[in-house]
Student: 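Encoded as structure tokens, here's the structure I'll be asking about.
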Amino acid sequence: MLAIAALSEVKAITQEEIIPLLNACFKAVFYLPPEEDLDIHLYSHTLRAMDSMLQMLLVSHCTSSNEELRNILEVLTRFTSTQNKTVQARALNRVWKLSYFVTRGFWQESFAKFVPPSQRTNIICMTLEAIGECSAEDREWASLMLDVVLRDPVSWMMDVPEILEFIWRNLGSNSTSLQPTLYTVLDVLTNQFPRDVLISVLTDLPHSDSTTMDIWKRMLSLAENSEVILDVLCSVLQDQELCGIFNVTPAELGLLRLTVVHPTEENLQELCKPAVLQRLLKIESLPILWLVLRGLVLLSERPETAIGIRDLLPDVMETLRFANTSIALKASKISRNVMTHVGKREARPIVVELAEKLLPLFSHVSSEVREGSILLFKDVMEAAVWWQKRNMRKTVHRGLLPLLFQMSDETPSVAEASGEALVRCAKFLNWKELKRQAKRKGKMEIKECLLRQDRQTANEYLWLSLPYLQNSQASLRYEAVEFIALQPLRGDAHPAVRSVATGVIQKCQGQKAEPTRRRFKGLCCWPC
């Protein structure tokens, strides 16, 4: 390599002769064994010699340096496309260092123009991967390369769908170290190509995926501060081809533009078209549903428009099937707002169906969703009239155990709401003993009260408690373990087993005032 550099410096070698020599050098070095199997001093010296050679080739051919750089990068990018990750990384590292040398040298043209167009997106993606995985030194070079890309997005980010798919795939991974960088790239991509990015999110990314939803929300946060992106969004929502994909008219989908502009009186009146909104709620796309629910939140906050969307609540709650936190937050907020504004009498036609859909939200990952759904469940019971109570009794019974467990929620407001809802359940069921214990917040007594019912009901509670063994909150897992330990054993035919169950009950009753940590320690010592 030093010989090639020397020959180039005295112009004793032509460009045509250099290319096969470069290919041979790259192949010899890039296909060396992994770094840990080499003499690190000699290996590092070899790489430095290669970088010096490449720089000398550019400097010594200053009259034709653009062509020289293009030739070098054409050969290098063949190695960045190989399936061998070690070879990829070594070749990519040379590209990074060349970009640094060129962009701080005498070149006036964009570095991207010397990279084959088919390889530009590949280099961006590999550079982003390296930032999240490589050593500190390589990460610094990768960051410098990324700066080159972000300063010239028009030349580099031509393949919007592929770059967006890469961002989606890596945002959805378990690694969080790369997320800030990915969002920065997404911001630049959106600002530079707003229409292409918006269309790609709605058509190329999975419609029902939470990561797609996160990307969409990030883009809309940019739109709130950019009239250009906002105008493009309003235009995209009336795109004929997009409307065909979702099987709606441009006028129907275009209505959603009113959800991202200032909510004036005129805009809200135009937005309040329940039949159209109900049709849009059927679209299997989280980004579109998020816009629909955003509009319904605005309408639910005003008494005069809340009454108009009352009959949409079952459709709103149906969106919970996507198990997305952002969607669940908006759905529960809409339902509570409507219940508040329309009054109990107007809400009665939907309370039975609404109550059934709320139960799964009691253990939702979001504390805000848990609290909102529990408070709404309480409101729904209060709105029910006598002829609806028969249909609701089974649902309310199924809510007792989850509410009992949620009384131990680590979020105080959720725990408090659960206790209040449990009292309301007992009143609804006309269960005086349960109401008395729920008011006293005696968890062990409430458990025993629930277990005094018939065998079939007790078994149903057992199945309801099993999912809580996997709950992320230790306090709720404790409650589930405690309840399961009580239920099957206290009535066992064998006296020794009954004795163990009695001991568990007594131990729990004696430890009610102790801190959670000590209770867990005691749990580990229980006989089994």
Student: Looking at K357 and E318, does any basic side-chain N land under 4.0 Å from a carboxylate oxygen?
Tutor: yes
Student: Specify the closest pair of heavy atoms between S366 and L329, including all atoms of both residues, with the distance to one decimal.
Tutor: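 Taking S366 first and L329 second, the nearest heavy atoms are OG-CD2, 4.0 Å.
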Student: Mind listing the closest non-hydrogen atom pair of R477 and S472 along with its distance?
Tutor: NH1-O, 3.3 Å
Student: Counting N and O atoms only, with roles assigned by atom type, does the side chain of N170 sit under 3.5 Å from a partner on the main chain of F166, one being a donor and the other an acceptor?
Tutor: yes
Student: Look at the side chain of S373 and the backbone N and O of V369, then say whether any donor-acceptor pair between them is shorter than 3.5 Å.
Tutor: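 At least one qualifying donor-acceptor pair exists.
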Student: Quick one: does T411's side chain have a donor or acceptor within less than 3.5 Å of a partner on S413's backbone?
Tutor: no
Student: Are any of the side-chain nitrogens in K330 or E301 under 4.0 Å away from the carboxylate oxygens of its partner?
Tutor: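 Salt bridge: no.
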Student: Would you indicate whether E284, at its atom CD, is surrounded by more than 12 heavy atoms from other residues, nucleotides or ligands within a distance under 6.0 Å?
Tutor: yes
Student: Between F377 and F362, does the ring centroid distance fall short of 6.0 Å?
Tutor: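 Here the rings of F362 and F377 have centres that are less than 6.0 Å from each other.
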Student: Does any donor atom in the side chain of N267 or T264 lie under 3.5 Å from an acceptor atom in the other side chain?
Tutor: yes
Student: Identify the heavy atoms of R90 and V29 that sit nearest to each other, and give their distance.
Tutor: NH1-O, 3.7 Å
Student: Please tell me whether T340 and N337 have a donor and an acceptor in their side chains that are separated by less than 3.5 angstrom.
Tutor: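 Side-chain D/A pair, T340 to N337: absent.
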Student: Just by distance, do the side chain of R370 and the backbone of V365 share a donor-acceptor pair under 3.5 Å?
Tutor: yes
Student: Nearest 0.5 Å, what's the CD-OG distance between E416 and S418?
Tutor: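 Interatomic distance, E416 CD to S418 OG, rounded to 0.5 Å: 10.0 Å.
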Student: Counting distance only, does the side-chain N/O of Q192 pair as donor-acceptor with the main-chain N or O of L189 below 3.5 Å?
Tutor: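 Not at all, since once roles are kept as given, no pair shorter than 3.5 Å links the two residues.
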Student: In this structure, are over 12 heavy atoms from other groups packed under 6.0 Å from E270 atom CD?
Tutor: yes
Student: Atom CD in E129, atom CD in Q88: separation rounded to 0.5 Å?
Tutor: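 The distance works out to 8.0 Å.
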Student: Can you check whether L222's main-chain N or O pairs, donor with acceptor, with S226's side chain at less than 3.5 Å?
Tutor: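 No; judged by distance alone, with no hydrogens or angles, the pair does not exist.
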Student: Show, in sequence, the C-alpha distance, side-chain angles and deciding distance for D239 and R195, and conclude whether the side-chain contact (heavy atoms from CB on, under 4.5 Å) test is met.
Tutor: CA-CA 11 Å; D239 182 83; R195 183 175 184 83; 2.8 Å; yes
Student: When you check the side-chain N and O atoms of E162 and T121, is any donor under 3.5 Å from an acceptor?
Tutor: no
Student: Does the distance from a Lys or Arg side-chain N to an Asp or Glu carboxylate O, for K333 and E368, drop under 4.0 Å?
Tutor: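 No salt bridge links K333 with E368.
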Student: Hey, what do you get for CG (D39) to NE2 (H45), rounding to the nearest 0.5 Å?
Tutor: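 The distance works out to 11.5 Å.
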Student: Which pairs of donor and acceptor atoms, one on a side chain in residues 75-83, lie under 3.5 Å apart (sequence neighbours left out)?
Tutor:
unit_1: T77; atom_1: OG1; unit_2: L73; atom_2: O; d: 2.8
unit_1: T77; atom_1: OG1; unit_2: E74; atom_2: O; d: 3.2
unit_1: T80; atom_1: OG1; unit_2: T77; atom_2: O; d: 2.8
unit_1: S81; atom_1: OG; unit_2: T77; atom_2: O; d: 3.0
unit_1: S81; atom_1: OG; unit_2: Q119; atom_2: OE1; d: 3.0
unit_1: S81; atom_1: OG; unit_2: Q119; atom_2: NE2; d: 3.0
unit_1: T82; atom_1: OG1; unit_2: N84; atom_2: N; d: 3.4

Student: Taking the side chain as every heavy atom from C-beta outward, state whether K85 and M126 have any atom pair closer than 4.5 Å.
Tutor: no
Student: Taking D37 for the side chain and P33 for the main chain, is one N or O donor matched with an acceptor at less than 3.5 Å?
Tutor: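 The answer is no, because no donor-acceptor pair under 3.5 Å joins these two groups.
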Student: Could you give me the CA-CA distance, side-chain angles and deciding distance for I283 and V292, then say whether side-chain contact (heavy atoms from CB on, under 4.5 Å) is met?
Tutor: CA-CA 10 Å; I283 294 177; V292 180; over 6 Å; no
Student: Below 4.5 Å, heavy atoms only, C-beta onward: do L291 and L237 meet side chain to side chain?
Tutor: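 The answer is yes; the side chains approach within 4.5 Å.
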Student: Just by modelled atom types, is the V197 backbone N or O under 3.5 Å from a matching donor or acceptor in the S200 side chain?
Tutor: no
Student: Work out which heavy atom in L171 is nearest to a heavy atom in Q179; give both atom names and the distance.
Tutor: O-NE2, 3.6 Å
Student: Just how far is it from atom CD1 of I229 to atom CG of L220, taken to the nearest 0.5 Å?
Tutor: 9.5 Å
Student: Does F246 have its ring centroid less than 6.0 Å away from the ring centroid of H207?
Tutor: yes
Student: Given side chains that start at C-beta, do those of L286 and T212 come closer than 4.5 Å, heavy atoms only?
Tutor: no
Student: Among side-chain atoms of D209 and W168, is any donor-acceptor pair under 3.5 angstrom?
Tutor: yes
Student: Look up atom CG in L358 and atom OG in S335, then write down how far apart they are to the nearest 0.5 Å.
Tutor: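 Spacing of CG (L358) from OG (S335) equals 7.0 Å.
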Student: Check this for me: does any side-chain nitrogen of one of D159 and R120 sit under 4.0 Å from a carboxylate oxygen of the other?
Tutor: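 A salt bridge is absent here (no side-chain N lies under 4.0 Å from a carboxylate O).
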Student: If you measure only the distance, is there a donor-acceptor pair under 3.5 Å linking the side chains of W290 and S326?
Tutor: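 Absent: no donor and acceptor within the cut-off.
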Student: Let me confirm one number: the OG-CD1 distance from S208 to I327, rounded to the nearest 0.5 Å.
Tutor: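 With rounding to 0.5 Å, OG (S208) is 10.0 Å from CD1 (I327).
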Student: Specify the closest pair of heavy atoms between L205 and E165, including all atoms of both residues, with the distance to one decimal.
Tutor: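 Smallest heavy-atom distance, with atoms named: CD2-CA, 4.1 Å.
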Student: Quick one, S475 and D409 - any side-chain contact, counting heavy atoms below 4.5 Å?
Tutor: no
Student: For the residue pair L299 and T305, what are the closest heavy atoms and their distance?
Tutor: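 Taking L299 first and T305 second, the nearest heavy atoms are O-OG1, 2.6 Å.
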Student: Is the shortest side-chain heavy-atom distance between L186 and L164 below 4.5 Å?
Tutor: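 Result yes, sub-4.5 Å side-chain heavy-atom pair found.
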Student: Quick check: do S155 and D152 have side-chain heavy atoms less than 4.5 Å from each other?
Tutor: yes
Student: Could you tell me whether R336 and E371 have a side-chain N and a carboxylate O separated by less than 4.0 Å?
Tutor: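 Salt bridge flag = no for E371 with R336.
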